[in-house]
Amino acid sequence: MKLRVATPRDGLQWMLSGVWLARQQTIGLAGLFGLMFFGLAMFLGLPWVGPLLVAVLLPALTAGWVDAAAAVQAGGRPLPSHLIGPLRSAARPSLLRLGGLNAAATFVMLLLADALDPGMTDAWAVMRDSDTTAEATLDAIGALQQGMVLRAVLLLPVVLTIWHAPVIIVRTGAGLGKALFVSATASWRNLGAFVVYGVCWILADLVLSLLLGGLMAALGLGQAAMLLVLPGAMIFSGAFYASLKASVDGCIDFED
């Protein structure tokens, strides 16, 4: 296992790899994301323990997405067995410990965010109030956007530290400490590529949102708009998760 040095331009190529894979298996990747999304949504419905379970499972599922993307690259289909494969492997104990660490770190960062930005809770309350004025709603939306940006910034070090670790554990059998060290080193060494990668996906999301919003307004779909938005969101998300393989391979050479 050797670390690679990626250029900022490689971040764009990582993003485009996900788009290319989604073109090869549009329905398959969208369906795989839908399976994961609705499965995790069931866990989220459980009080208290639900969000914890989701945070614990996510790292292992990302390793499953890398396997699914590899299958598509080889001309195959992404299957649910790819997604849950890491959890059925010998790496499961380490993956679950990694998930527990992810849950704990996320919880601490969100607590810190709540301490720095207590107004986000009030903003949610305003948004749920049916008697809220238009001006108050706009203020609440602004507060929510600021709060989400703050939380994203605080969670970024956690995400980048863990990013490669699930795949390292599955493919090399490395222990949790080594996997985290290699993952963190690979991510921060290639921070420029990750910035471009993230910006490209954010811009793609904005463009897609504008296109879908304009189309819905032109057609006057109203509540029926979900029939258009949901498939688009699933295809987009499938492309993003498929691109994880390129981001890992671009930073680490597993020599296999």
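The analysis underlying the following values was restricted to heavy atoms, covering all of them including side chains, and did not include hydrogens, waters or symmetry mates.
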*Asks:* Go through it in stages, so that I can follow the logic: the residues are Arg151 and Asp114, the test is side chain to side chain contact (heavy atoms under 4.5 Å, CB included), and I'd like the CA-CA distance, side-chain angles, deciding distance and then a yes or no.
*Replies:* CA-CA 9 Å; Arg151 283 154 179 79; Asp114 288 341; 2.9 Å; yes
*Asks:* Check for me, please, whether Val207 and Ile235 land in the same ILVMFWY cluster - side-chain distances under 4.5 Å, paths through other members count.
*Replies:* no
*Asks:* The criterion is side-chain contact (heavy atoms from CB on, under 4.5 Å); which residues satisfy it with Ala165, sequence neighbours excluded?
*Replies:* Leu98, Ala179, Leu180, Ser183
*Asks:* Report yes or no: do Val195 and Met15 belong to one cluster of Ile/Leu/Val/Met/Phe/Trp/Tyr joined by side chain heavy-atom distances under 4.5 Å?
*Replies:* yes
*Asks:* Is there a side-chain contact between Asn190 and Val5, using heavy atoms and a 4.5 Å cut-off?
*Replies:* yes
*Asks:* Rounded to the nearest 0.5 Å, how far apart are CG of Leu16 and CG of Leu21?
*Replies:* 11.0 Å
*Asks:* Determine which pairs satisfy side-chain hydrogen bond (donor to acceptor under 3.5 Å, both in side chains) with at least one residue from residues 18-34, sequence neighbours left out, and list them in order.
*Replies:* none
*Asks:* With Asp253 as reference, evaluate Lys2, Arg4, Arg171 under the salt bridge (charged side-chain N to carboxylate O under 4.0 Å, His left out) test and give the passing residue.
*Replies:* Arg4
*Asks:* To the closest 0.5 Å, what do you measure between OG1 (Thr106) and CG (Leu154)?
*Replies:* 11.0 Å
*Asks:* Write down the atom of Leu208, the atom of Gly232, and the distance for their closest heavy-atom approach.
*Replies:* CD2-O, 4.1 Å
*Asks:* If hydrophobic clusters are built from ILVMFWY residues whose side chains come within less than 4.5 Å, do Val158 and Leu111 share one?
*Replies:* no
*Asks:* Mind checking side-chain contact (heavy atoms from CB on, under 4.5 Å) for Met1 and listing every partner two or more places apart, or none if nothing turns up?
*Replies:* Ile168, Thr172, Lys178, Val182, Ile252, Phe254
*Asks:* Answer yes if Val54 and Phe107 sit in the same cluster of Ile, Leu, Val, Met, Phe, Trp and Tyr residues linked by side chain heavy atoms under 4.5 Å apart, and no otherwise.
*Replies:* no
*Asks:* Is it the case that over 12 heavy atoms from other parts of the model lie below 6.0 angstrom from the CZ atom of Phe194?
*Replies:* yes
*Asks:* For Leu53, give me all partners under side-chain contact (heavy atoms from CB on, under 4.5 Å), at least two apart in sequence or on another chain.
*Replies:* Phe43, Leu46, Val49
*Asks:* Can you give me every donor-acceptor pair (side chain of residues 59-87, partner residue at least two apart or in another chain, under 3.5 Å) with its distance?
*Replies:*
unit_1	atom_1	unit_2	atom_2	d
Thr62	OG1	Pro59	O	2.5
Gln73	OE1	Lys245	NZ	3.2
His82	ND1	Leu79	N	3.0

*Asks:* Rounded to the nearest 0.5 Å, how far apart are CG of Leu101 and CZ of Arg97?
*Replies:* 11.0 Å
*Asks:* For Thr7, does its backbone N or O pair with a side-chain atom of Asp10 as donor and acceptor, under 3.5 Å?
*Replies:* yes
*Asks:* Which pair of heavy atoms, one from Trp14 and one from Ala193, lies closest together, and at what distance?
*Replies:* CH2-CB, 3.6 Å
*Asks:* Kindly indicate whether the side chain of Leu44, heavy atoms from C-beta on, has any atom under 4.5 Å from the side chain of Pro51.
*Replies:* yes
*Asks:* Distance from Leu176 atom CG to Leu96 atom CG, nearest 0.5 Å?
*Replies:* 11.0 Å
*Asks:* Can you name the closest pair of heavy atoms from His164 and Ser247 and give their distance?
*Replies:* CE1-O, 3.6 Å
*Asks:* Any chain of hydrophobic side-chain contacts (each under 4.5 Å) joining Leu32 to Met42?
*Replies:* no
*Asks:* Taking the side chain as every heavy atom from C-beta outward, state whether Phe240 and Phe33 have any pair of such atoms under 4.5 Å apart.
*Replies:* no
*Asks:* Cut-off 3.5 Å, no hydrogens considered: what does the side-chain donor-acceptor table look like for residues 196-206, sequence neighbours left out?
*Replies:*
unit_1	atom_1	unit_2	atom_2	d
Tyr197	OH	Ser243	OG	2.6

